[in-house]
Number of protein chains: 2
Amino acid sequence: MSLPHAILTALLEKPSSGLELTRRFDRSIGYFWSATHQQIYRELGRLEEAGLIRALPSAQPARGQKKEFEVLPAGSAELARWVGESQDPKAVRDPLLLRIRAAAVVGPGGLALELRRHLELHQRQLAVYEAIDAKDFPPERTADEDRLRRLVLHGGMALETFWLRWLEEALEVVGDMDPERPGPSAPEA
Amino acid sequence: MSLPHAILTALLEKPSSGLELTRRFDRSIGYFWSATHQQIYRELGRLEEAGLIRALPSAQPARGQKKEFEVLPAGSAELARWVGESQDPKAVRDPLLLRIRAAAVVGPGGLALELRRHLELHQRQLAVYEAIDAKDFPPERTADEDRLRRLVLHGGMALETFWLRWLEEALEVVGDMDPERPGPSAPEA
DNA sequence: TGCTTCATGTAACAAGTTACATGATTAC
DNA sequence: GTAATCATGTAACTTGTTACATGAAGCA
């Protein structure tokens, strides 16, 4: 149940309408928790119903009219509670790792091409993060909230770096393999 | 749509019943794609319906009786197609990164404790992977399918290592912060 | 007989995805 | 006025989660 908390965080950073939130979920917060506009409108409705946020008085409630939301005290409290909650790390669930495992039984086929494509995409994403790092966090700013936001960004950068290194290793392995299916034997990891 | 392919891979490695698959999804393949037994039974039904797998003739179709499945040629073909398919890397979606971001607006609260707990869990998981690496992949084995399976395992190990390093950085940042809210503006309830 | 474990399933729900509908505003 | 865009929303579906149901086999 992270989406409502992602929305609360975004709204605390800046009160917004559904569409503005959608746009921010395409950059910024969305780099770590993506969401479509349908999800966001649905969740805004629930959060309002639950009394955690409210529409700004200035906003008309008509269809097609912009409607801005702000976080109520109950919303801040819920978010603070959630931040310190005990949650187990989520298990890894990655289709690409799974595809490598599948390639071990049916052969790598066109995997090498796909790995090179991913490598490029991750390079591009790392560059995006580095640009944000340079622009939003000049060395002299050291307020606590900036250090935390930078920490999140560093997490994203380190994850992209992980993928780059692993994809290079993967290309070495797949690169000198026969694209046909390998043998039938199989150790159970 | 990765679960059916995870099941096809597991069944190609070794024909199994639903419960056996469930157990293997708790170790082995499940380290990279987890699934509950309800998901597995549902998906086995669909795969059988679609003609990608079939129940072994020896297996009784009675309730409460073990029913083993094997992959049909159509299933292997579908898996091979999927391995080479073009799929964009999945976006990062991690609740812990999100919680750090939230902490930047409502304060870190009890986060440090939670970070230390995660650090320990990731250390433990890395040790599990290292044990598998030593046991299943002695240095002399170099068949293609072993190299691929080892590559997947190395991905898991590198991911755990990423988390360990990042959590250490996070603890440094959070460690010397006031647990109260840092923010530029924030009326408490 | 009653308890536990093995084994397969049903039901209900929550979260996420995809496609489409509709009103309001702005630019030409 | 009409086309594009802004903005909010509905509907239908898929995937994943949680709780519970049911039958078979072993054993004390």
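On a predicted model such as this, the values are computed, not experimentally measured, just so you know. Just the heavy atoms: all of them, side chains too, but no hydrogens, waters or symmetry mates, feed the values below. Below, chain A is the first sequence line, B the second, and so on; all start at residue 1.
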In whole angstrom, what separates B:Arg42's CZ from D:dT15's C1'?
-> 6 Å
Salt bridge check: are A:Glu20 and A:Arg23 linked by an N-O gap of less than 4.0 Å?
-> no
How far does the helix from C:dT1-D:dA28 to C:dC28-D:dG1 bend, going by the axes of its first and last five pairs, to the nearest 10°?
-> 10°
Counting only side-chain N and O atoms of B:Tyr41, is one of them less than 4.0 Å from OP1 or OP2 of C:dG9?
-> no
Measure from CD on A:Gln38 to P on C:dT22 and round the result to the nearest Å.
-> 16 Å
Closest non-hydrogen atom pair between A:Tyr41 and A:Gly18, with its separation | CE2-CA, 3.7 Å
Looking only at heavy atoms, what is the nearest atom pair of B:Ser76 and A:Val106, with distance?
-> O-CG1, 4.1 Å
When the distance from NE2 of A:His37 to C1' of D:dC6 is rounded to whole Å, what number comes out?
-> 12 Å
Is a side-chain N or O of B:Arg24 found less than 3.5 angstrom from the main chain of B:Lys14, in a donor-acceptor match?
-> yes
In whole angstrom, give the distance that lies between atom CD of A:Glu20 and atom P of D:dT5.
-> 19 Å
Which whole-number value in Å describes the distance from B:Lys90 NZ to D:dT15 C1'?
-> 14 Å
Nearest-Å distance, CD (B:Gln39) to P (D:dG16)?
-> 5 Å
Under 4.0 Å between a side-chain N or O of A:Arg46 and OP1 or OP2 of C:dA15?
-> yes
With the threshold set at 4.0 Å, does a side-chain nitrogen-carboxylate oxygen contact exist between B:Glu78 and B:Arg81?
-> yes
To the nearest Å, how far apart are B:Leu3 CG and C:dG16 P?
-> 17 Å
What are the two closest non-hydrogen atoms of B:Gly156 and B:Phe32, and how far apart are they?
-> CA-CE2, 3.9 Å
Measure the distance from NZ on B:Lys67 to P on D:dA24 and round it to the nearest whole Å.
-> 15 Å
Please work out if B:Ser17 contacts a base, only the sugar-phosphate, or nothing of the nucleic acid, heavy-atom cut-off 4.0 Å.
-> sugar-phosphate
Any chance CZ of B:Arg165 has more than 12 other-residue heavy atoms, nucleotides or ligands included, within less than 6.0 Å?
-> no
